[in-house]
Amino acid sequence: MFEVSVEETFAAGHALRNYHGKCENVHGHNYRVRVLVAGEALDSAGLLVDFVELKRVLRAIVEKLDHTFLNDVPPFDQLNPSAENMAHYFYTEMAQALGAGARTNPVRVSEVKIWETDTSSATYRLP
Ligand SMILES: [Zn+2]
C-alpha cells in the first residue's frame, strides 16, 4: 500500500459549547491539518495522487475556514467546533472531493490529523 500526505495551516476562532473551562470562551488557534491518502495502485506517472491536486483540494476546504469564527460557519454553527469534529469534517470533505474526480487508480483518505497547538491534536480515521 502507498500513502502520501499533505499539510496546510490556517487561523480561526471558536468557542466550545457544552463545555466548562477556558475553551468555552472565544479564542483562536493556528490550526495545522494533515491528510493521509492511501491506495494500492499508482497512475501512469508513478504517482498515487499528485501533491498539487491534493494540496488544491485541501486548500479549498481550508479557505472556507481560514480567518473565520468557526461557530458561524456550517456545519460548525450546529456542530461543536472541537478538533475531533473538525478532523471528521476534513475527512468527509476530502473523501468527497477526491471521489468526485475521474481516477485511473482508486485512492482513499486514510487519516486526518488536526493540531490546535504544537502539542494537542485529534485524529479521525476509519476503524
Ligand atoms: Zn480551542
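When a ligand or atom number is given, it counts from 1 through the structure's own listing order. Side chains included, hydrogens not; waters and symmetry mates left out as well; all remaining heavy atoms used.
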Exercise for review: Output the distance between atom CZ (R108) and atom CG (L98), rounded to the nearest 0.5 Å.
Suggested key: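 So the CZ of R108 and the CG of L98 are separated by 12.5 Å.
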
Exercise for review: Determine whether the side chains of E3 and S110 contain a donor N or O and an acceptor N or O closer than 3.5 Å.
Suggested key: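 Their side chains do contain a donor-acceptor pair, which is all the 3.5 Å distance test asks for.
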
Exercise for review: State whether the side chain of Y91 and the backbone N or O of E111 hold a donor-acceptor pair below 3.5 Å, judged by distance alone.
Suggested key: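 No, Y91 side chain to E111 backbone: no donor-acceptor pair under 3.5 Å.
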
Check your understanding: Excluding sequence neighbours, so at least two apart, what forms side-chain hydrogen bond (donor to acceptor under 3.5 Å, both in side chains) with T68?
Key -> none

Review point. Y89 pairs by side chain to side chain contact (heavy atoms under 4.5 Å, CB included) with which of I114, I61, L79?
Key: I61

Check your understanding: According to the interplanar angle, ranging from 0 to 90°, do the rings of Y31 and F10 count as parallel (below 30°), tilted (30 to 60°) or perpendicular (above 60°)?
Key -> parallel

Review point. What protein atoms of element N, O or S are positioned under 2.8 Å from the Zn ion (ligand 1)?
Key: H14 NE2, H27 NE2, H29 NE2

